[in-house]
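Predicted, not measured: the structure shown is a model, and the values here were computed from it. In the text below, chain A, chain B and the rest are named by the order of the sequence lines, each starting its count at 1.
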2 protein chains.
Amino acid sequence: MTTQDRSTAATFAKGMAVLAAFDGSAPALTLADIARATGQDRAAARRGALTLVQLGFLTQSGRAFALTPKVLTLAAGYLRANHFGHRVQPVLNRHAAQLEAEIVLAAREGTEVLLLAQSTLASGPVSFGFTPGSRLPLLHTSLGRMLLALEPDPGPLAEAAELPRHTERSLGSRAEVLASVAEARAAGFAETDGEFESGIVGYAVPVSAPGAAGLVVGTSMPRGSDGEAALRALRLCAAELRQSGVGVG
Amino acid sequence: MTTQDRSTAATFAKGMAVLAAFDGSAPALTLADIARATGQDRAAARRGALTLVQLGFLTQSGRAFALTPKVLTLAAGYLRANHFGHRVQPVLNRHAAQLEAEIVLAAREGTEVLLLAQSTLASGPVSFGFTPGSRLPLLHTSLGRMLLALEPDPGPLAEAAELPRHTERSLGSRAEVLASVAEARAAGFAETDGEFESGIVGYAVPVSAPGAAGLVVGTSMPRGSDGEAALRALRLCAAELRQSGVGVG
DNA sequence: ATCTTTTGTGCGATATACGCACAATCGTCA
DNA sequence: TGACGATTGTGCGTATATCGCACAAAAGAT
C-alpha cells in the first residue's frame with residue numbers, strides 16, 4: 001500500500017498528462033487516444049479532456065479533441081517573465097540576419113533538447129520548421145552535444161537518451177558521443193556533421209555562465225559553408241545574450 | 001447545495017488556475033501570491049504549485065516559484081499540430097521581409113487579442129516585444145477591430161472588453177468602436193491611428209474564410225508610412241496563409 | 001447489415017483533497 | 001538586534017470529489 005503524498009494533487013497531475021498528450025503529432029485526439037497515451041482509465045481521461053474544453057484549452061468536434069491557441073498563453077508566461085520579446089528575440093534576429101542563417105536558443109529538458117526561441121529568416125539555407133517548445137534529440141545534434149558538455153556529469157544522461165540512427169553518419173555508440181561531448185567541452189563549441197540531417201553541419205556554443213542553467217545557441221548550414229563565420233556569430237550572439245541577463249534570473 | 005458536475009475534474013481546474021497565474025507579469029510568484037491570484041485556500045494553492053514542480057513545469061527557489069521552459073512544450077503541441085513551423089512562419093517571414101515591417105497572426109481569445117505567431121525583423125520601425133501567446137487589447141488595436149468585424153455579433157464582446165485610454169487618440173466609447181468595426185467589415189481591413197501607441201498606425205486584414213475561426217494578420221508602422229503597401233502585403237500574406245490551410249483544420 | 005471500437009452515463013465506494021489550526025520561518029523595519 | 005507582520009510547513013479530521021466499473025448507445029469500418 002503506497003503512502004499517499006498529501007502535498008501534491010494527483011488529479012491535477014493526471015489532468016496535466018492529458019494536456020501533455022496533445023504533443024502535436026496528430027492534429028486531433030479521440031478520448032480513446034488520450035486514454036491510451038496517458039494509461040488512464042477512459043472515464044478519468046474523459047474528465048480531464050472535458051475540463052480542458054471547459055477552460056478553453058481544448059475544442060471538441062465530434063469525437064475529436066484539439067488544442068486551441070489558448071495554450072500559447074501558458075508559454076507566454078515564461079517568455080514574458082524572461083523578457084524573450086524584448087531581450088532575446090531581437091538579439092537572435094540581429095545575429096541571424098548578419099549570418100544569413102537561422103539561430104536558435106535551446107535548453108535541456110530531460111533527455112532531449114528543448115527549443116526556447118529562434119530567429120527564422122525569410123529565405124535561409126536551412127529550416128527544420130521547428131517552433132518554441134520543439135524537442136530535438138540530445139545525442140546527435142550540436143545543441144545537444146553542447147548542452148551535455150555543460151553538465152557536470154553527462155554520463156547518465158547519455159545513457160538514458162535515445163540513440164537512433166538519423167543518418168549513416170550518426171555516431172553509433174554512447175562512448176563516441178561522450179568523446180565528442182568532451183571535445184566540445186574542451187573546445188568551447190560543438191560541431192556535428194550530418195548526424196541529424198544529411199549534408200547539414202550544426203554548430204552550438206554555450207550562453208550560460210558556469211553554474212547557471214544550461215543554455216546554448218546554435219545554427220545549421222550545408223556542409224561546405226563558412227563554419228568560422230558561424231562560430232563567430234554564435235559567440236557574439238551568446239555574449240550579447242549573457243549581457244542582457246538571459247539565464248541568470 | 002450546488003449540484004456536483006461529475007463530468008469534469010475540479011481539482012484539475014484549480015491546478016490549471018495556478019499554472020495560469022504565472023502570466024509573466026512578475027519573474028516569480030510566492031505561494032501567497034498564487035493564493036491571492038487564484039482566490040484559492042493557501043493549502044490548495046500550495047498543492048497545485050508543488051504538483052507543477054514535481055512535473056517539471058515550475059522550479060522553486062526559496063519562497064519563489066517560476067515557470068520552467070518546459071511550459072513551451074504545451075504550446076508546441078498546438079504549433080506543431082497546426083504546422084506553424086512549416087506553413088505559417090515561412091509565409092510571415094517572407095512577407096515581413098518584403099514589407100520591411102513585422103507581421104503578426106492573431107485570434108480572439110475571450111475579450112482579448114491573442115498573438116499566435118509573428119515574424120520579427122532584425123531591424124524594423126516598430127517592435128512591441130510580444131511573443132506567441134501575448135495578449136493585446138480587443139477594442140483599440142487594428143487586430144482587435146478586424147477580429148470583432150469577423151464576429152457575427154460583436155456587440156456583447158465590445159460590451160465585455162475593457163475600454164482603457166491607452167493614448168489621447170483612443171476611441172472613448174464602445175459605440176465609436178463598434179462603428180469603426182462596421183467600417184472594417186465593409187472595407188475588408190481595419191486601421192487604427194495611434195489608439196494603442198502614440199504615433200503608430202496599425203493595419204489588419206482577415207485570414208480566415210467566412211465561417212471559419214477568426215484569424216487576422218496585421219502590422220504596425222509609424223504614422224506617415226506607406227499604408228497602401230502595408231495593406232497590399234497583408235492581403236498577399238493572408239491569401240497565402242489561406243492557401244496553405246491555416247485555420248481550416 | 002454486421003462487427004468493432006468508442007463514447008455517454010450512472011453510481012457505489014473510497015481515496016483524494018479540502019480547509020483549518022498551530023507552530024515555525026522569513027522578511028521588513030526601526 | 002529585536003519586534004512585528006507576512007508567509008510557509010505540516011498534520012489531520014472530514015467530506016466530497018473522483019475513482020473505475022458496467023451497461024447501453026452511438027459511431028465508424030468493412
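Between A/Ala43 and A/Phe12, the residue anchored nearer the 5' end of DNA chain C, judged by the nucleotide with its closest heavy atom, is A/Ala43.
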Could I get a table of every N or O pair under 3.5 Å where one atom is in the protein and the other is in nucleotides 4-8 of chain C?
from: C/dT6; atom 1: OP1; to: A/Arg36; atom 2: NH1; distance (Å): 3.4
from: C/dT6; atom 1: O4'; to: A/Arg63; atom 2: NH1; distance (Å): 3.4
from: C/dT7; atom 1: OP1; to: A/Leu31; atom 2: N; distance (Å): 3.1
from: C/dT7; atom 1: OP2; to: A/Leu31; atom 2: N; distance (Å): 3.4
from: C/dT7; atom 1: OP2; to: A/Ala32; atom 2: N; distance (Å): 2.5
from: C/dG8; atom 1: OP2; to: A/Arg46; atom 2: NE; distance (Å): 2.9
from: C/dG8; atom 1: N7; to: A/Arg42; atom 2: NH1; distance (Å): 3.3
from: C/dG8; atom 1: O6; to: A/Arg42; atom 2: NH2; distance (Å): 2.6

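Of the candidate nucleotides C/dG19, D/dC19, D/dG13, C/dG19 has the atom nearest to the side chain of B/Asp41. Of the candidate nucleotides D/dG20, C/dG19, D/dC12, D/dG20 has the atom nearest to the side chain of A/Ala44.
For the pair B/Leu67 and B/Thr59, the minimum side-chain heavy-atom distance is 4.5 Å or more. When side chains are defined from C-beta on, A/Arg185 counts as touching A/Pro154, because their heavy atoms get closer than 4.5 Å. With a 4.5 Å cut-off on side-chain heavy atoms, A/Val217 and A/Val205 count as touching. Inter-residue side-chain proximity for B/Leu115 and B/Leu143 is flagged as met; some heavy-atom pair is nearer than 4.5 Å. For the pair A/Leu241/A/Leu92, a side-chain contact is recorded, criterion being any heavy-atom separation below 4.5 Å from C-beta on. Using a 4.5 Å heavy-atom threshold, the side chains of B/Arg47 and B/Val18 count as separate.
Counting non-hydrogen atoms under 4.0 angstrom, B/Thr8 reaches the backbone sugars and phosphates but no base. As judged by a 4.0 angstrom heavy-atom cut-off over every strand, B/Ala9 is placed among residues touching the sugar-phosphate backbone only.
With hydrogens and angles left out, the side chain of B/Arg47 and the base of D/dG9 share no donor-acceptor pair within 3.5 Å. Residue-to-nucleotide contacts include a donor-acceptor pair under 3.5 Å from the side chain of A/Arg6 to the base of D/dG13.
The stretch residues 16-28 of chain B has no heavy atom under 4.0 Å from DNA chain D, so no residue of it qualifies as close.
Ring centers of A/His166 and A/Phe196: under 6.0 Å apart, within the cut-off. Ring pair A/Tyr78/B/Phe22: centre-to-centre distance not below 6.0 Å.
Of the side-chain N and O atoms in A/Lys14, one or more sit less than 4.0 angstrom from OP1 or OP2 of D/dG20. For B/Thr11, a side-chain nitrogen or oxygen approaches OP1 or OP2 of D/dT18 to under 4.0 Å.
Between the B/Asn82 side chain and the B/Phe84 main chain, no donor and acceptor come within less than 3.5 Å of each other.
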